[in-house]
Colleague: 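Quick one: the structure is below, and I'll ask about it shortly.
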Amino acid sequence: MTSQDNTSSRKSFAEDFKDRIASTRATRWIRFGIVALLFLAWAIWLGTWWVGLFLLLLFDIYITGYIPFTWWKKSKNTALRAVMSWVDAIVYALILVYFIFNFVGQNYQIPSSSLEKTLLTGDFLWVNKLSYGPRVPMTPVHFPLVHNTLPFINTRSYTEWPSVKYKRLKGFRNVELGDIVVFNFPAGDTVALKVQNPDYYTLVKLQGREEVNTNKAMYGDVVYRPVDRRENYVKRAVGLPGDTFKIVNDTIYLNSVAQPLPENAQFRYLVQLNTSLTQEMCHDLGIALEDVHTETMDEETADALRTQDILPSADMSSFYYSIPLSRPILDKMRSVGILRGSVKINSFNDYFPTPGLFPEELSADWTLSNYGGAEGIVIPRKGMTVNLNPYTWALYNRAIRNYEGNFSASLHPDGRVYIDGKPADTYTFGMDYYFMMGDNRDNSQDSRFWGFVPEDHIVGTPMFVLISFDKDRSLFDGKIRWNRIFTTANPDK
């Protein structure tokens, strides 16, 4: 031990502390000041005072250096220094990504056609979490670059402990009517890992609970996912808390007022063309190949379509397809001279109820285009009180039980609802709820099938398209949709 080391070891803590501060370069103080201000602003926004204690850790990292985070810099082993410098950079990058993805925004890929043609399959969006205010992570310990499953090893990317109660930081505004919203799938709390489409609850209805839970070869393990680890969905907010919602002949009514249809909304049509559809024609028209279904036509069917004035021009010389189309695409088909006739397919099905609509106990005669009955359904609002009876239980029991945590609530044979073993005549909601639908109206699994979206499931709203890939095209043949890069994600707002 040198005499200098002996002198250093004899210093008091106060003397050593003063020396470390005095020897800190001005640039380190500047960097610490910037980071400290950002951290304090975040802690104030978070509204949790004890988080501010981590400022002491930042002070040590930048100024005093008692905790040897950079021990490797003093090593004589050049390979070790090189490796650790990469590890150090990666750790800092992951921490930064963690905070950006949780509190600012993140990228999101459109996996399905439920919002076509407003958003296209293959769009990569930037989702803004600041608009509605970001949620404090409910599962704070998670890998920052994946959502719920680590790739390759197929294990959870998060730990369920510790868990944090739902809290949303202050944002710029609330969800507005017509917003496109990214949210966690409400019916995704329980998942059969090998068969995630249809969802677990649909599987149970089709196959039985025991079959789904015990046949691991077919369905895999059945797992529970916390709210913020459930799959991300993107739909349009078509009903707000407290609204009375119904659909009449494809028109949405809120509080008895008809709502305009988004410009690029789609319905599935039976179209009669004077030529067959080619891949190039589909590309020029903006039709995804997987959406095109060829329909066979016989003389008897064609005659029925003519005589019932459904498709007056129906004949055996035309080409028939079932395709989801928007009004602009229909007009384009007409303008290029290939469209002879068209009819909405749901007009055939209007007298045949759609199975599986929410809630099943009330929707026996509802369809996708006529939903909610004569009176409509009321979307729950925070602080709204409803009388409890078999009707309201059918409509709100999942919200009461699963979303607001009253797991013991049940409807007894006497027609009364019991919560915590006691009869309850009314219930007051603790959260706001929303009704979400896709713009591809006849090809969208949305609130018409699985009900209301609670406020604690809301993630954010897409701001713009980062990049877009057409899966029907090759890399050098239009795969990248250059005209969509940095375009708005919600042209109707």
Colleague: What closest approach, in Å, do Arg81 and Trp72 show between heavy atoms, and which atom pair accounts for it?
Modeller: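 That would be CG-O, 3.2 Å.
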Colleague: With a 4.5 Å limit on heavy-atom distance, are the side chains of Met436 and Ser447 in contact?
Modeller: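 A side-chain contact exists here, since the closest heavy-atom pair is under 4.5 Å.
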Colleague: For residues Trp450 and Tyr201, establish whether the separation of their ring centroids is below 6.0 Å.
Modeller: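 That pair fails the under 6.0 Å test.
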Colleague: Shortest non-hydrogen contact from Phe103 to Pro134?
Modeller: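 Scanning both residues, the minimum pair turns out to be O-CG, 3.5 Å.
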Colleague: Give me the atom names and distance for the closest heavy-atom approach of Tyr233 to Gln445.
Modeller: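 Where Tyr233 meets Gln445 most closely, the heavy atoms are CE2-O, 4.4 Å.
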Colleague: Start with the C-alpha distance between Asp123 and Arg484, add both sets of side-chain angles, then the distance that settles salt bridge (Lys or Arg N to Asp or Glu O under 4.0 Å), and finish with yes or no.
Modeller: CA-CA 8 Å; Asp123 282 351; Arg484 291 190 64 78; 2.7 Å; yes
Colleague: Is a donor on one side and an acceptor on the other found under 3.5 Å between the side chain of Gln266 and the backbone of Asn264?
Modeller: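 Side chain of Gln266 to backbone of Asn264: no pair is present.
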Colleague: Does Lys471 use its side chain to pair, donor to acceptor, with the backbone of Ala288 at less than 3.5 Å?
Modeller: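 Looks like no, no N/O pair under 3.5 Å.
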Colleague: List the steps and the verdict of side chain to side chain contact (heavy atoms under 4.5 Å, CB included) for Asn184 and Arg225.
Modeller: CA-CA 11 Å; Asn184 297 116; Arg225 284 179 177 162; over 6 Å; no
Colleague: In Å, rounded to the nearest 0.5 Å, how long is the span from CZ of Arg31 to OG1 of Thr27?
Modeller: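 So the CZ of Arg31 and the OG1 of Thr27 are separated by 6.5 Å.
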Colleague: Check the angle between the aromatic planes of Phe429 and Tyr433 and answer parallel, tilted or perpendicular using the 30° and 60° thresholds.
Modeller: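 Perpendicular, since the angle between the ring planes exceeds 60°.
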Colleague: Using the rule given for side-chain hydrogen bond (donor to acceptor under 3.5 Å, both in side chains), can you reason through Asn128 versus Thr461, listing the C-alpha separation, both sets of side-chain angles and the distance that settles it, and then say yes or no?
Modeller: CA-CA 5 Å; Asn128 180 6; Thr461 183; over 6 Å; no
Colleague: If the test is ring pair (Phe, Tyr, Trp, His ring centres under 6.0 Å), which one of Phe183, Phe245, Phe358, Phe449 qualifies with Phe435?
Modeller: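 For Phe435, the ring pair (Phe, Tyr, Trp, His ring centres under 6.0 Å) test succeeds with only one of Phe183, Phe245, Phe358, Phe449, which is Phe245.
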Colleague: As an exercise, state the distance from OG of Ser363 to CD1 of Ile377, rounded to the nearest 0.5 Å.
Modeller: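 Atom-to-atom, Ser363:OG and Ile377:CD1 are 10.0 Å apart.
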Colleague: Tell me if a side-chain donor or acceptor on Arg268 pairs with a main-chain N or O of Asn346 at a distance below 3.5 Å.
Modeller: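 Checked: no pair found.
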Colleague: Can we say Lys73 and Asp88 salt-bridge, meaning some charged N sits less than 4.0 Å from an Asp/Glu carboxylate O?
Modeller: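 No, Lys73 and Asp88 are not salt-bridged.
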Colleague: Is Thr159 reaching over with its side chain to a backbone N or O of Trp161, donor-acceptor style, under 3.5 angstrom?
Modeller: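 Yes.
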Colleague: Is there a donor-acceptor pair under 3.5 Å between the side chain of Asn148 and the backbone N or O of Arg229?
Modeller: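 Yes.
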Colleague: Inspect the contact between Glu455 and Lys382 and indicate whether a charged nitrogen and a carboxylate oxygen are less than 4.0 angstrom apart.
Modeller: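 Answer for the salt bridge query: no.
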Colleague: Is the backbone N or O of His283 less than 3.5 Å from a side-chain atom of Arg473, with the two atoms forming a donor-acceptor pair by type?
Modeller: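 Side chain of Arg473 to backbone of His283: no pair is present.
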Colleague: Should we count NZ of Lys194 as having more than 12 external heavy atoms under 6.0 Å?
Modeller: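 Enclosed: over 12 neighbouring heavy atoms sit under 6.0 Å from NZ of Lys194.
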Colleague: When Tyr321 is tested against each of Leu277, Asp291, Ile287 for side chain to side chain contact (heavy atoms under 4.5 Å, CB included), which residue passes?
Modeller: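 Passing option: Leu277.
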Colleague: More than 12 foreign heavy atoms under 6.0 Å from CZ of Arg25: is that the case here?
Modeller: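 No, CZ of Arg25 has 12 or fewer neighbouring heavy atoms, counting only those of other groups under 6.0 Å.
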Colleague: Indicate yes or no: at least one non-hydrogen side-chain atom of Glu231 is less than 4.5 angstrom from one of Val191.
Modeller: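 Heavy-atom side-chain distance check fails, nothing below 4.5 Å.
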Colleague: Got more than 12 heavy atoms from elsewhere within 6.0 Å of CD, Glu160?
Modeller: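 Buried by this count: over 12 neighbours within 6.0 Å.
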Colleague: Taking C-beta and beyond as the side chain, do Val182 and Lys129 meet within less than 4.5 Å on heavy atoms?
Modeller: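 With C-beta onward as the side chain, the pair stays apart.
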Colleague: Are the side chains of Thr294 and Tyr320 in touch, meaning some heavy atoms are under 4.5 Å apart?
Modeller: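 Contact flag for Thr294/Tyr320 side chains = no.
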Colleague: Evaluate the side chain to side chain contact (heavy atoms under 4.5 Å, CB included) criterion for residues Val453 and Lys235: first the C-alpha distance (whole Å), next the side-chain angles of each, then the deciding distance (0.1 Å), finally the verdict.
Modeller: CA-CA 11 Å; Val453 177; Lys235 308 287 180 186; over 6 Å; no
Colleague: Would you say that Leu273 contacts Leu339 through its side chain, given a criterion of any heavy-atom pair below 4.5 Å between the two side chains?
Modeller: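 In contact.
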Colleague: Hey, what do you get for CG (Leu58) to CZ (Phe39), rounding to the nearest 0.5 Å?
Modeller: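 The CG atom of Leu58 sits 6.0 Å away from the CZ atom of Phe39.
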Colleague: For Gly478 and Asp470, which heavy atoms make the closest approach, and how far apart are they?
Modeller: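 Residues Gly478 and Asp470, closest heavy atoms: O-CB, 4.1 Å.
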Colleague: Do the rings of Tyr371 and Trp366 sit parallel, tilted or perpendicular, given the 30° and 60° boundaries?
Modeller: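 If you compare the ring of Tyr371 with that of Trp366, the planes turn out perpendicular.
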Colleague: Test salt bridge (Lys or Arg N to Asp or Glu O under 4.0 Å) on Lys117 and Asp439 and set out the steps.
Modeller: CA-CA 7 Å; Lys117 293 297 185 204; Asp439 288 353; over 6 Å; no
Colleague: Using modelled atom types and a 3.5 Å cut-off, is there a donor and acceptor pairing between side-chain atoms of Tyr98 and backbone atoms of Pro140?
Modeller: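 Yes.
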Colleague: Mark yes or no for whether Asp477, through its side chain, and Ser474, through its backbone, hold a donor-acceptor pair below 3.5 Å.
Modeller: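 Not a single qualifying donor-acceptor pair exists.
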Colleague: Using the rule given for side-chain hydrogen bond (donor to acceptor under 3.5 Å, both in side chains), can you reason through Glu116 versus Asn440, listing the C-alpha separation, both sets of side-chain angles and the distance that settles it, and then say yes or no?
Modeller: CA-CA 5 Å; Glu116 293 212 11; Asn440 197 354; 5.9 Å; no
Colleague: Passes side-chain hydrogen bond (donor to acceptor under 3.5 Å, both in side chains), Arg340 versus Ser313? Steps please.
Modeller: CA-CA 7 Å; Arg340 293 194 61 191; Ser313 58; 5.1 Å; no
Colleague: In Å, rounded to the nearest 0.5 Å, how long is the span from CZ of Arg230 to CE of Met138?
Modeller: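 If we round to the nearest 0.5 Å, Arg230:CZ and Met138:CE are 8.5 Å apart.
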Colleague: Restricting to non-hydrogen atoms, name the atom on Gly242 and the atom on Val378 that form the minimum distance, rounded to 0.1 Å.
Modeller: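 Minimum heavy-atom separation between Gly242 and Val378: O-CG1, 4.2 Å.
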Colleague: Between Lys246 and Gly373, which heavy-atom pair has the shortest distance, and what is it?
Modeller: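 Minimum heavy-atom separation between Lys246 and Gly373: CD-O, 3.7 Å.
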Colleague: Does Arg135 come within less than 4.0 Å of Asp228, counting only side-chain N to carboxylate O?
Modeller: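 Looking at Asp228 together with Arg135, the answer is no, because their closest N to O distance does not fall below 4.0 Å.
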Colleague: Tell me if the centroids of the rings in Phe452 and Tyr403 come within less than 6.0 Å of each other.
Modeller: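 Ring centroids of Phe452 and Tyr403 are no less than 6.0 Å from each other.
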Colleague: So does Gly178 get a backbone contact from the side chain of Asn490, meaning a donor-acceptor N/O pair under 3.5 Å?
Modeller: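 Yes; judged by distance alone, with no hydrogens or angles, the pair exists.
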Colleague: I'd like to know whether Leu125 forms a side chain to side chain contact (heavy atoms under 4.5 Å, CB included) with Leu466, so could you lay out the CA-CA distance, the side-chain angles of the two residues, the decisive distance to 0.1 Å, and finally the verdict.
Modeller: CA-CA 5 Å; Leu125 312 174; Leu466 292 167; over 6 Å; no
Colleague: Does some side-chain heavy atom of Met297 sit less than 4.5 Å from a side-chain heavy atom of Gln272?
Modeller: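 Contact flag for Gln272/Met297 side chains = no.
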Colleague: First locate atom CZ of Arg28, then atom CD1 of Ile61, and finally report the distance between them rounded to the nearest 0.5 Å.
Modeller: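 If I round to the nearest 0.5 Å, the distance is 9.0 Å.
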Colleague: Verify the neighbour count for atom CZ of Phe54: are there more than 12 heavy atoms of other residues, nucleotides or ligands below 6.0 Å?
Modeller: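 Not buried by this count: 12 neighbours or fewer within 6.0 Å.
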Colleague: Where the side chain of Asp446 meets the backbone of Gly438, is there a donor-acceptor pair that is under 3.5 Å apart?
Modeller: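 Between the backbone of Gly438 and the side chain of Asp446 there is a qualifying donor-acceptor contact (under 3.5 Å).
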Colleague: State, with a plain yes or no, whether a side-chain heavy atom of Arg156 is found less than 4.5 Å away from one of Thr139.
Modeller: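 Side-chain contact under 4.5 Å: no.
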Colleague: Could you give me the CA-CA distance, side-chain angles and deciding distance for Lys344 and Asp442, then say whether side chain to side chain contact (heavy atoms under 4.5 Å, CB included) is met?
Modeller: CA-CA 10 Å; Lys344 284 182 182 176; Asp442 297 330; 5.8 Å; no
Colleague: Measure the shortest side-chain to side-chain distance between Thr244 and Ser256 over non-hydrogen atoms and say whether it is less than 4.5 angstrom.
Modeller: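 No, side chains not in contact.
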Colleague: Quick check for you: to the nearest 0.5 Å, what is the distance between Asp60 atom CG and Leu55 atom CG?
Modeller: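 Taking CG in Asp60 and CG in Leu55, the distance rounds to 11.5 Å.
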